[in-house]
Amino acid sequence: MDSTHALKAFAALGQPTRLDVFRLLIKAGASGMSAGEIGETLDVRQNTMSTNLSILAQSGLIRSERQGRSIRYFADMAGVRALLAFLMEDCCGGCPDQCQPLIDELICC
């Protein structure tokens, strides 16, 4: 990931509703959620939700998948990993062993 993509991701997360959507999709995991479920959970209107989902998708932090007549949204874990890798690229002054406790904490069991 380069600076331009990282800035796009941070800009997407810099709005309260989009941050809530992203966190909700992280929590939903592999089952994801439909736009309607997300909107209902967060009490956000459909047209507003559609815009926010589009911005998050363009940032590479979420992805969608058509399932029959509906679309489900998921956190794009590859995008999340790329953003985290970008943030930690130069950490610890070239001593990666110092980063290991943080890396261990971030890894899902």
Side-chain angles (χ1 to χ4, degrees):
M1 178 174 282
D2 61 18
S3 295
T4 302
H5 289 103
L7 288 170
K8 197 170 194 177
F10 286 124
L13 295 174
Q15 195 273 347
T17 300
R18 291 192 294 268
L19 180 58
D20 290 344
V21 169
F22 177 70
R23 295 187 73 207
L24 186 63
L25 290 174
I26 290 286
K27 187 176 181 179
S31 61
M33 297 178 78
S34 70
E37 291 171 322
I38 297 167
E40 187 175 306
T41 301
L42 298 177
D43 194 28
V44 176
R45 294 181 322 173
Q46 180 183 356
N47 61 338
T48 302
M49 184 54 62
S50 178
T51 300
N52 286 319
L53 289 168
S54 176
I55 291 168
L56 283 165
Q58 291 172 5
S59 76
L61 294 174
I62 70 168
R63 62 181 176 81
S64 61
E65 183 178 300
R66 182 165 291 282
Q67 295 181 345
R69 291 180 16 190
S70 66
I71 298 174
R72 292 195 73 76
Y73 292 88
F74 306 85
D76 186 333
M77 298 312 288
V80 173
R81 278 191 294 276
L83 182 59
L84 290 173
F86 173 81
L87 290 173
M88 297 188 66
E89 190 173 283
D90 299 317
C91 83
C92 301
C95 300
D97 56 310
Q98 292 178 4
C99 298
Q100 196 59 52
L102 176 60
I103 292 167
D104 291 342
E105 190 175 323
L106 291 173
I107 295 173
C108 295
C109 298

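FYI, the numbering just counts along the sequence from 1.
One distance of note links OG of S70 with CZ of R72; it measures 6.5 Å at 0.5 Å rounding. Note: L42 CG to N52 CG = 9.5 Å, rounded to the nearest 0.5 Å. Rounded to the nearest 0.5 Å, atoms CZ (R69) and OG (S34) are 13.0 Å apart. The CD1 atom of I71 lies 13.0 Å from the CZ atom of R63; values are rounded to the nearest 0.5 Å. With values rounded to the nearest 0.5 angstrom, L24 atom CG is found 12.0 Å from T17 atom OG1. Distance check, rounded to the nearest 0.5 Å: CD1 of I38 to CG of L25 gives 4.5 Å.
Shortest non-hydrogen contact noted between L53 and A35 is CD1-CB, 3.7 Å. Residue S31 comes nearest to A28 through the heavy atom pair OG-O, 3.0 Å, listed as atom of the first residue, atom of the second, then distance. Taking both residues in full, the closest heavy atoms of F86 and M1 are given as CD1-O, 3.4 Å, listed atom of the first, atom of the second, then distance. Nearest heavy atom pair, residue A9 against residue S59, reads CA-CB, 3.9 Å. Taking each heavy atom of Y73 and I62 in turn, the nearest pair found is CD2-CD1, 4.0 Å.
Placement of L87 and M77 within a single hydrophobic cluster is found when ILVMFWY residues are connected by side-chain heavy-atom separations under 4.5 Å, directly or transitively. In the hydrophobic clustering of ILVMFWY residues, with side-chain heavy atoms under 4.5 Å counting as a link, M33 and L19 come out together. If you chain together hydrophobic residues whose side chains sit under 4.5 Å apart, I26 and L56 fall into the same group. If you chain together hydrophobic residues whose side chains sit under 4.5 Å apart, F74 and M49 never meet in one group.
N47 CG: more than 12 foreign heavy atoms inside a 6.0 Å radius. No more than 12 heavy-atom neighbours from other residues, nucleotides or ligands sit within 6.0 angstrom of CD on Q46. Atom CD of Q15 sits in a crowded spot, with more than 12 heavy atoms from other residues, nucleotides or ligands closer than 6.0 Å.
Listed by chain and residue number, nothing satisfies the salt bridge (charged side-chain N to carboxylate O under 4.0 Å, His left out) test with R18 (two or more places apart in sequence, or in another chain).
Side-chain atoms of T41 come within 3.5 Å of backbone atoms of E37 as a donor-acceptor pair (strictly under, hydrogens ignored).
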